[in-house]
Structures are given as structure tokens and as C-alpha cells.
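See below for the structure under consideration.
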Amino acid sequence: MAINVYLDMSTLRTRLITSSLITFFEKNKKVMISTLVLFAIGIIIGVILAYRAVDGSFERVPRIDIEVGSAKVFFISSLCLLGCYGIILVAGINNKTVFLICIPFVLLGYFCGKFACALVCRFEGFGIINLVIIYLPFFLITFVLMMLATASVLSSSCSDRCEGSSLKPSFIRVLKIFGINIACGFVLFIIIGSIAGGAIIVTLF
């Protein structure tokens with residue numbers, strides 16, 4: 001009897017989650033598709049510019065000469081995230097500023113493409129390990145979280161306010177998402193990066 005109740009509750013939770021995901025996708029389909037396209041464009045630009053920057057001649061770097069710095073990479077990425085989420089919030093002010101939403105996603109894609117190209121072509125084996133277990137998860141997680149933040153900002157009314165506060169609910173949600181993104185960056189760059197021998201400080205030259 002208890003097992004049946006547990007299974008029924010589990011099935012109900014699964015249906016609720018599935019229903020919520022479907023509703024979210026239907027409500028924010030344009031935002032999701034638009035941000036994905038912008039991210040993809042940024043990746044293409046990043047790969048092309050990285051390749052052209054060295055004329056296709058990537059110098060191989062011996063592992064002993066590779067510069068690593070998990071704390072440095074985490075600090076720089078956190079500052080970049082702060083700027084990106086700030087732009088997302090500004091973009092949601094009104095219809096005149098919404099075009100700014102393009103900037104963080106194109107930039108995110110650009111650095112993803114550039115770093116992926118450099119890590120594979122310049123740093124080879126160790127670079128590929130860094131890409132697979134640190135950088136790629138970071139860029140993908142950041143893309144998803146930034147997309148959620150964008151959907152929250154663009155779906156909120158300018159007149160919405162948190163109870164007992166002058167802040168918009170979207171601002172609070174974006175702040176929480178930003179915190180999650182920083183936490184993910186800490187785990188990937190500091191913890192996993194340290195285990196993997198350090199996060200590579202990516203350079204093309």
C-alpha cells in the first residue's frame with residue numbers, strides 16, 4: 001500500500017514537472033529560440049576570429065608551460081557574469097532597451113567558441129580535458145541560467161513590485177539566478193579545476 005502511494009506521488013511529481021516545463025517552453029518559446037540563435041552566432045564568430053587571429057597556425061604549448069589559475073579565471077568570469085546579468089536587467093526596462101539582450105548572449109557564444117578553439121588547437125590533450133569538464137559545462141550552464149533570467153525579465157510587467165519592497169520580482173529572481181551561476185562557476189573552476197590540475201588561462205599567442 002505504502003509503495004503504491006509512493007509511486008503515485010512520484011508519478012504526480014513527474015507529471016507536474018513535465019507540465020511546468022511544457023508551459024514554460026510555450027510561454028517563452030520566442031525567448032528561448034532567440035537566445036539560442038544569438039548564442040550560436042556568437043560561437044561561430046568566436047571560432048572564426050580565433051582561427052584568423054593566428055592565421056590557422058596554432059602553436060602547441062607543452063603542458064609544463066601552460067599557465068593555470070583557477071582563482072583568477074573564477075574571479076574574471078564572475079566579473080563578466082555581473083556585467084551580463086546587469087545588461088539583462090537593463091534590457092527589461094522597456095521596449096526601447098530590449099535590443100540590449102543580444103549583447104550578453106553573443107558575447108557568451110563568442111567566448112565559448114574562442115576558448116573551445118584555443119583549448120583544442122593550442123593546448124591539445126590538457127586543453128580538451130579543461131574544455132570538457134570545466135569550460136563547456138560552465139558556458140552551457142551559464143547559457144541556460146541567462147536564458148531563464150531573460151525570460152523572467154521580459155515576462156515581468158514594469159509595474160510589478162515585490163510585496164513590501166520597491167524592487168521588481170524579476171530583479172530578485174535574476175539576483176538568485178546570478179548567485180546560482182556564481183556557485184556553479186566556483187564548483188567548476190575552483191573545485192573541479194583544482195582536481196583536474198587547474199583551469200587553463202586561455203591565450204591564443
Side-chain angles (χ1 to χ4, degrees), residues 31-88 91 99-150 177-205:
V31 172
M32 295 173 71
I33 293 172
S34 299
T35 53
L36 182 59
V37 170
L38 291 169
F39 183 60
I41 290 172
I43 291 175
I44 294 170
I45 293 172
V47 171
I48 292 173
L49 293 183
Y51 185 83
R52 292 182 63 181
V54 294
D55 242 358
S57 302
F58 289 89
E59 180 187 353
R60 302 293 186 262
V61 181
R63 180 160 180 167
I64 194 171
D65 295 328
I66 295 175
E67 185 181 1
V68 296
S70 297
K72 183 178 180 179
V73 175
F74 170 69
F75 178 72
I76 294 173
S77 66
S78 297
L79 287 179
C80 293
L81 286 177
L82 181 62
C84 286
Y85 281 97
I87 293 172
I88 289 173
F99 73 93
L100 293 173
I101 214 71
C102 300
I103 297 174
F105 288 97
V106 172
L107 281 177
L108 184 69
Y110 165 75
F111 283 109
C112 181
K114 176 185 175 180
F115 283 18
C117 189
L119 286 167
V120 172
C121 299
R122 180 167 167 75
F123 299 100
E124 297 184 309
F126 188 41
I128 293 172
I129 292 173
N130 252 242
L131 176 65
V132 171
I133 68 173
I134 301 174
Y135 280 97
L136 199 56
F138 173 74
F139 282 117
L140 293 178
I141 289 170
T142 299
F143 167 72
V144 172
L145 292 175
M146 280 173 48
M147 182 190 66
L148 292 174
T150 301
I177 293 172
F178 172 70
I180 293 171
N181 211 157
I182 293 295
C184 291
F186 181 85
V187 170
L188 289 167
F189 291 121
I190 302 297
I191 299 177
I192 296 179
S194 298
I195 295 172
I200 294 175
I201 298 175
V202 180
T203 56
L204 289 175
F205 305 101

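The chain is numbered in sequence order, starting from 1. Excluded from the calculations below are hydrogen atoms, water molecules and symmetry mates; all remaining heavy atoms, backbone and side chain alike, are included.
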**Message:** Within the structure provided, determine whether L82 and S78 are in side-chain contact (heavy-atom separation under 4.5 Å).
**Reply:** no
**Message:** Please confirm whether the ring centroid of F115 lies under 6.0 Å from the ring centroid of Y110.
**Reply:** no
**Prompt:** From L119 CG over to I129 CD1, what is the distance, rounded to the nearest 0.5 angstrom?
**Reply:** 11.0 Å
**From L131 atom CG to C112 atom SG, the distance as rounded to the nearest 0.5 Å** = 7.5 Å
**Prompt:** Got a second to check how far L188's CG is from I141's CD1, nearest 0.5 Å?
**Reply:** 5.0 Å
**Prompt:** Which heavy atom in S77 sits nearest to a heavy atom in F189, and how many Å separate them?
**Reply:** OG-CE1, 3.6 Å
**Item:** Least distance between heavy atoms, Y85 atom then T142 atom
**Value:** OH-O, 4.4 Å
**Request:** Output the distance between atom CE (M146) and atom CZ (F178), rounded to the nearest 0.5 Å.
**Result:** 11.5 Å
**Item:** Closest non-hydrogen atom pair between I134 and G193, with its separation
**Value:** CD1-CA, 3.6 Å
**Message:** For a 4.5 angstrom cut-off between non-hydrogen side-chain atoms, does N181 reach F138?
**Reply:** yes
**Asked** Would the F111 and F139 ring centres measure less than 6.0 Å apart?
**Response** no
**Message:** Nearest 0.5 angstrom please: C84 SG to I103 CD1, how far?
**Reply:** 9.5 Å
**Request:** Determine, step by step, whether I201 and V68 satisfy the side-chain contact (heavy atoms from CB on, under 4.5 Å) criterion, reporting the C-alpha distance in whole Å, the side-chain angles of both residues, the deciding distance to 0.1 Å, and the verdict.
**Result:** CA-CA 5 Å; I201 298 175; V68 296; 5.8 Å; no
**Atom pair CG/CD1 of L81 and I177 - distance to nearest 0.5 Å** = 12.5 Å
**Asked** Is it true that a side-chain atom of Y135 and a backbone atom of I200 form a donor plus acceptor pair closer than 3.5 Å?
**Response** yes
**Message:** Taking the side chain as everything from C-beta on, heavy atoms only, tell me whether I180 gets closer than 4.5 Å to C184.
**Reply:** yes
**Prompt:** Would you find a donor on one side and an acceptor on the other, under 3.5 Å apart, between the side chain of S70 and the backbone of G198?
**Reply:** no
**Asked** So, does R122 use its side chain to make a donor-acceptor pair with the main chain of T203 at under 3.5 Å?
**Response** yes
**Message:** Is it the case that the side chain of R60 and the backbone of F58 share a donor-acceptor pair, with hydrogens and angles ignored and the cut-off at 3.5 Å?
**Reply:** yes
**Request:** Looking only at non-hydrogen atoms, find the nearest pair between I87 and L100 and report the distance.
**Result:** CG2-O, 3.4 Å
Please tabulate, one pair per line, all N/O donor-acceptor pairs under 3.5 Å involving side-chain atoms of residues 32-45, not counting sequence neighbours.
residue	atom	partner	partner atom	Å
S34	OG	K30	O	2.7
T35	OG1	V31	O	2.8
T35	OG1	M32	O	3.0

**Request:** Provide the closest heavy-atom pair for A199 versus N130 in the form atom of the first, atom of the second, distance.
**Result:** CA-OD1, 3.3 Å
**Request:** Indicate the atoms forming the closest heavy-atom contact of A196 with F126, along with that distance.
**Result:** O-CE1, 3.4 Å
